[in-house]
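Treat the numbers as computed from the prediction; the structure is a model and nothing was measured. All chains are named by letter (A, B, ...) in the order of the sequence lines, taking the proteins before the strands, and each is independently numbered beginning at 1.
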There are 2 protein chains.
Amino acid sequence: MNNDAMQPIPLPTIRRFPEYLRFVEDKRLAGEEWISTTEIGAAIGRKSVVVRKDLSYSGVAGHPRRGFRLEELAPALRRSLGWDNATDAFLVGVGSLGQALLGYGGFANYGMRIVAAFDCNDDITGGSMAQSQIFPIQKLPQLAKRMNVKLGIIAVPQDVAQSVANILVDAGIRGIWNFAPVQLDVPSNVVVRREDLSHGLAVLSYQLREECETIRPE
Amino acid sequence: MNNDAMQPIPLPTIRRFPEYLRFVEDKRLAGEEWISTTEIGAAIGRKSVVVRKDLSYSGVAGHPRRGFRLEELAPALRRSLGWDNATDAFLVGVGSLGQALLGYGGFANYGMRIVAAFDCNDDITGGSMAQSQIFPIQKLPQLAKRMNVKLGIIAVPQDVAQSVANILVDAGIRGIWNFAPVQLDVPSNVVVRREDLSHGLAVLSYQLREECETIRPE
DNA sequence: TCAATATCGATAAGTTATTATCGAATCCTT
DNA sequence: AAGGATTCGATAATAACTTATCGATATTGA
Ligand SMILES: NC(=O)c1ccc[n+]([C@@H]2O[C@H](COP(=O)([O-])OP(=O)(O)OC[C@H]3O[C@@H](n4cnc5c(N)ncnc54)[C@H](O)[C@@H]3O)[C@@H](O)[C@H]2O)c1
Ligand SMILES: NC(=O)c1ccc[n+]([C@@H]2O[C@H](COP(=O)([O-])OP(=O)(O)OC[C@H]3O[C@@H](n4cnc5c(N)ncnc54)[C@H](O)[C@@H]3O)[C@@H](O)[C@H]2O)c1
């Protein structure tokens with residue numbers, strides 16, 4: 001409805017956008033032209049009114065009795081997410097999690113590309129994995145500036161996460177995706193997103209026990 | 001305040017509990033006896049009133065001018081989360097992500113223990129990783145029953161995630177931690193928690209762009 | 001002993017997000 | 001061509017969560 005991202009998009013909406021996008025892309029590949037919020041909602045398990053409200057933030061207008069035009073919706077969702085131009089990213093910490101992230105092909109769909117990896121272990125550095133070279137961590141600052149990279153992924157043990165964050169910030173990184181379960185202390189103009197598995201597991205454990213209790217109320 | 005988990009705990013509170021728990025355990029190991037919500041809030045970056053409200057759901061009472069007794073708080077948080085008795089879990093899919101999860105030591109703190117892994121790839125099955133044996137997926141049903149396992153972790157490619165979910169459900173699994181980016185269709189008495197990296201990356205991308213735009217409003 | 005202070009716990013206010021409802025627009029069927 | 005059906009988009013109502021405020025309480029230190 002509005003021309004561009006004038007009003008801020010609620011974060012719950014932003015979180016749902018990737019799900020819409022995935023479904024929309026599937027439909028587009030299947031050759032469909034229109035999609036309705038009813039159908040999207042059914043596919044991803046949400047009420048259509050939620051989807052409709054969310055999509056209104058994307059800026060595309062729907063069509064009564066038809067729904068939304070896929071050709072329009074997919075790019076609009078990408079644009080809203082900032083995924084229209086793939087963002088280059090550095091990965092720090094090529095351990096078991098780092099290797100999984102490096103090898104993960106899904107990030108291409110998420111507007112991100114890991115262009116280099118860094119580690120402090122000499123046995124790993126120098127080689128490459130999944131088309132990414134692995135550099136010693138000391139090389140990070142100069143490469144960040146040369147390649148103009150603004151996004152960093154932290155996959156190092158938690159006790160060194162803060163020091164890695166400091167290196168990233170000093171190197172001009174503006175956004176950090178942190179997989180270590182610690183609160184990072186960074187300047188206010190740097191965005192940090194912590195990916196903490198314990199959050200999800202907490203909800204699951206709680207619901208699991210709640211479910212069992214309601215089944216057997218004692 | 002109330003005796004036990006009579007009232008449901010809000011999910012945002014549940015998500016914050018692991019952070020409190022981590023900090024509380026650190027303090028306890030450091031030999032402290034009391035902790036205040038002021039201090040917890042400062043450590044994990046939240047207002048003390050949030051912490052105070054959250055902790056009220058744990059059932060422990062604080063002490064004016066002192067705070068909460070660590071010996072009481074830590075077990076109460078675990079109990080609220082359902083982490084007081086470690087839950088046995090099966091992992092399905094020993095690929096790059098599955099291996100990272102298998103090797104991750106942190107789950108011990110999260111009330112979970114991966115007791116066996118499963119894969120369909122004969123090159124992997126038969127061996128073991130990080131103290132967990134890897135079985136062919138066909139063995140899952142009988143082992144689930146014999147070991148009375150109720151929690152399953154899905155780390156297989158997305159196109160087979162639903163079929164794996166079906167196997168888990170048929171084997172009596174009551175909770176599924178799903179790392180594949182697909183909506184699983186399961187009976188209503190089975191709890192599914194989807195761990196979708198795209199959600200976090202979406203928020204990060206959005207905030208990163210927003211931040212850059214506010215810096216340069218043109 | 002008594003005042004100052006830090007904290008809890010409760011209540012209230014404010015904000016945000018979800019859900020419900022309904023008219024208008026369009027397409028499809030007959 | 002007309003009526004029925006489906007969907008959008010807006011508004012309103014509800015619910016959930018966060019934040020502010022304040023009295024009560026216990027401790028500390030004068
Ligand atoms: N493995 C998992 O499934 C998992 C799950 C959730 C969170 N995490 C978190 O992710 C982080 C990494 O976990 P992991 O299992 O991959 O650990 P890991 O020990 O396998 O890998 C850590 C890597 O970081 C490197 N490293 C250490 N210090 C460094 C430094 N100062 N600079 C650069 N590189 C450095 C090490 O050489 C190693 O390669 C941890 O904080 C962990 O808590 C892991
Ligand atoms: N690697 C990552 O960093 C990452 C990040 C986010 C999400 N994911 C998701 O996690 C899942 C696994 O990712 P991955 O990178 O580990 O993939 P992978 O290909 O490395 O591993 C998949 C494993 O599943 C096994 N498998 C396949 N079909 C099976 C079946 N029917 N029964 C049992 N096992 C089966 C394969 O043999 C393989 O070992 C995917 O859905 C992916 O989208 C991965």
* **Partners meeting side chain to side chain contact (heavy atoms under 4.5 Å, CB included) with A:E33 (sequence neighbours left out)** => A:R69
* Quick one: side chain to side chain donor-acceptor pair (under 3.5 Å) partners of B:T13, sequence neighbours excluded? -> B:D54
* Structure fact -> Applying side chain to side chain donor-acceptor pair (under 3.5 Å) to A:N166 and not counting sequence neighbours gives A:Q162
* Rounding to a whole Å, what distance do you find between A:Y57:OH and D:dC8:C1'? -> 16 Å
* Sequence-distant partners of B:K150, salt bridge (Lys or Arg N to Asp or Glu O under 4.0 Å), two or more places apart -> none
* To do: Write down the distance between CG (A:L55) and P (D:dT7), rounded to a whole number of angstrom.
  => 14 Å
* Structure fact -> The contact string for nucleotides 18-30 of chain C, one letter per nucleotide 5' to 3', using protein heavy atoms under 4.0 Å with B, S and - for base, sugar-phosphate only and none, comes out as SSB----BBBS--
* With B:R22, which residues qualify under salt bridge (Lys or Arg N to Asp or Glu O under 4.0 Å), at least two apart? -> A:D196
* Take the protein atom CD of A:Q7 and the nucleotide atom P of D:dG9, then report the distance between them rounded to whole Å. => 14 Å
* Atom CD of B:E72 to atom C1' of C:dC8: distance rounded to whole Å? -> 14 Å
* Please list residues of residues 32-44 of chain A whose heavy atoms come under 4.0 Å from any atom in DNA chain D, ordered by number; otherwise none. => A:S36, A:T37, A:T38
* To do: Report the residue (A:P10 or B:G62) whose heavy-atom-nearest nucleotide on DNA chain C is the more 5′ of the two.
  => B:G62
* **Ring center gap for B:Y110 and B:W83 short of 6.0 angstrom** => yes
* To do: Write down the distance between CZ (B:R15) and C1' (D:dC17), rounded to a whole number of angstrom.
  => 11 Å
* Asked: Taking CZ from B:F68 and P from C:dA6, how many angstroms apart are they, rounded to a whole number?
  -> 18 Å
* Results of salt bridge (Lys or Arg N to Asp or Glu O under 4.0 Å) for B:E32 - residues two or more places apart only -> none
* Asked: In chain order, what residues pass the salt bridge (Lys or Arg N to Asp or Glu O under 4.0 Å) check against A:E71, with sequence neighbours excluded?
  -> A:R28
